[in-house]
Amino acid sequence: MSKENNNYSIHGIPVLQDNIVWIWAKEKQAVVVDPAVVEPVERWLKAKGISLVGILQTHHHLDHIGGTEGLTNIWPSTAVVASKADKDRIPFQTVSIEHGDEFELMGIPIKVIEVKGHTKAHVAYYLGNDDRSNRHPALFCGDTLFGAGCGRLFEGTVLDMFKSLKRLNALPGNTKIYCAHEYTEANLKWAHSLAPGNKLISKRLTKVMKLRASNLITLPSTLDEERSTNLFLRARTVEEFASLRKNKDSWQG
């Protein structure tokens, strides 16, 4: 599946049980986000005649970094970008970044946003709009913001995640959300169970179920869509968010 963005394109490759590896390609170069495994990414790039120039890591979990070293063995000059705070757990990083840093890959500016909560050193990467095009901004947010959901709290606190989601919610509404797992259907079923009268959630759930029935991915969404259908993003207080997170963690739907 691909989403064209003027002079570059972003492609989602489903791997493992529910991971999505995003490949951001421009001409004959590409950047890969959170490569869980090597082979599907290698096959896609070589079939297109594209060289890998960068890997963006959002956090240290194996289903996000498992393919990185193998890919850098194939393309040795690849830059591996990861959080400086996770140097011990992503030791093969070659570009260490932190919140607020800005850098370029393939001539496109990228801003680093700290979004801890799922882990203590989680980051997201934001590709903003520019004056030369009308393309949508893009956000690679790993396991922080999902389609109609958010990540579990493995290392961070409820307050950490609440603040991280507020930080992402401050981005432009047309930002496309490229998260790392295909959880949208389950998240919407949970949201529908709590808000059965919400027509926007019901409409999105119907659409998503049709996509999944055809084995298609449901992403990217947009931040505006998440604002209208993601209960976590709509939480007004940290207490409300905590209640939702606890409810979702125990949901058996």
Side-chain angles (χ1 to χ4, degrees), residues 10 12-24 31-38 41 52 54-72 78-103 105 110-127 138-147 149-169 171 175 177-184 187 219-220 226 230 232-233 241 245 248-249:
I10 300 174
I13 300 181
V15 301
L16 304 178
Q17 183 176 349
D18 49 42
N19 284 69
I20 301 174
V21 176
W22 295 106
I23 301 179
W24 159 34
V31 172
V32 173
V33 185
D34 285 347
V37 291
V38 174
V41 177
L52 184 62
I55 295 175
L56 301 180
Q57 305 281 191
T58 62
H59 63 294
H60 76 280
H61 286 160
L62 184 60
D63 64 326
H64 293 255
I65 69 171
T68 300
E69 290 185 281
L71 290 171
T72 57
T78 301
V80 179
V81 183
S83 171
K84 184 185 298 184
D86 243 351
K87 185 71 174 178
D88 57 334
R89 299 190 293 190
I90 311 179
F92 42 80
Q93 61 183 268
T94 61
V95 180
S96 301
I97 46 82
E98 54 191 353
H99 177 68
D101 283 352
E102 297 187 21
F103 60 99
L105 283 173
I110 305 168
K111 184 173 182 178
V112 179
I113 305 174
E114 182 184 60
V115 284
K116 62 184 179 181
H118 182 66
T119 67
K120 65 182 181 181
H122 199 303
V123 294
Y125 300 93
Y126 177 69
L127 283 60
L139 178 74
F140 298 110
C141 50
D143 287 2
T144 297
L145 177 63
F146 291 131
C150 75
R152 288 179 178 267
L153 305 178
F154 290 134
E155 297 176 2
T157 66
V158 167
L159 183 59
D160 286 336
M161 182 62 87
F162 181 73
K163 288 181 176 179
S164 292
L165 292 178
K166 291 297 183 186
R167 184 172 279 169
L168 296 183
N169 203 16
L171 296 174
T175 301
I177 307 300
Y178 295 91
C179 54
H181 289 275
E182 180 54 78
Y183 292 159
T184 315
N187 287 335
L219 301 160
E226 297 304 328
N230 189 321
F232 292 113
L233 210 59
F241 173 80
R245 187 66 263 176
K248 180 62 168 62
D249 288 343

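All heavy atoms count here, side chains included; hydrogens, waters and symmetry mates do not. One-based numbering along the sequence shown.
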Pairwise distance [atom1]([X]) to [atom2]([Y]) - rounded to 0.5 angstrom:
{"X": "Cys179", "Y": "Ile20", "atom1": "SG", "atom2": "CD1", "answer": "6.0 Å"}
{"X": "Asn19", "Y": "Asp63", "atom1": "CG", "atom2": "CG", "answer": "4.5 Å"}
{"X": "Asn230", "Y": "Leu145", "atom1": "CG", "atom2": "CG", "answer": "6.0 Å"}
{"X": "His64", "Y": "Thr119", "atom1": "NE2", "atom2": "OG1", "answer": "9.0 Å"}

One pair to check against side-chain contact (heavy atoms from CB on, under 4.5 Å): Asp249 and Arg152. What are the steps and the verdict? CA-CA 8 Å; Asp249 288 343; Arg152 288 179 178 267; 3.1 Å; yes

Using a distance-only test with no angle check, is there a side-chain donor-acceptor pair under 3.5 angstrom linking [X] and [Y]?
{"X": "Ser96", "Y": "Gln93", "value": "yes"}
{"X": "Thr157", "Y": "Asp160", "value": "yes"}
{"X": "Asp86", "Y": "His122", "value": "no"}
{"X": "Gln57", "Y": "Thr68", "value": "yes"}

Are any non-hydrogen side-chain atoms of [X] and [Y] less than 4.5 angstrom apart?
{"X": "Leu105", "Y": "Leu56", "value": "yes"}
{"X": "Leu171", "Y": "Ile113", "value": "yes"}
{"X": "Met161", "Y": "Arg245", "value": "no"}
{"X": "Thr175", "Y": "Tyr126", "value": "yes"}
{"X": "Val95", "Y": "Val80", "value": "no"}

Aromatic rings His61 and His59: how do their planes relate, parallel, tilted or perpendicular, breaks at 30° and 60°?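 Perpendicular, since the angle between the ring planes exceeds 60°.
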
Would you call the rings of Tyr178 and Phe140 parallel, tilted or perpendicular if under 30° counts as parallel and over 60° as perpendicular?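 Plane angle between 30° and 60°, so tilted.
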
Minimal non-hydrogen separation, Thr78 against Thr94, with atom names: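 Thr78 and Thr94 have their closest heavy atoms at O-OG1, 4.3 Å.
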
Run the salt bridge (Lys or Arg N to Asp or Glu O under 4.0 Å) check on Arg89 and Glu155 step by step: do they pass? CA-CA 14 Å; Arg89 299 190 293 190; Glu155 297 176 2; 2.7 Å; yes

For a side-chain contact (heavy atoms from CB on, under 4.5 Å) check, start with the C-alpha distance between Val115 and Lys163, then their side-chain angles and the critical distance, and finish with the verdict. CA-CA 8 Å; Val115 284; Lys163 288 181 176 179; over 6 Å; no

Counting only heavy atoms not in Lys248 (residues, nucleotides, ligands), do more than 12 fall under 6.0 Å from its NZ?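 Result for NZ/Lys248: enclosed.
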
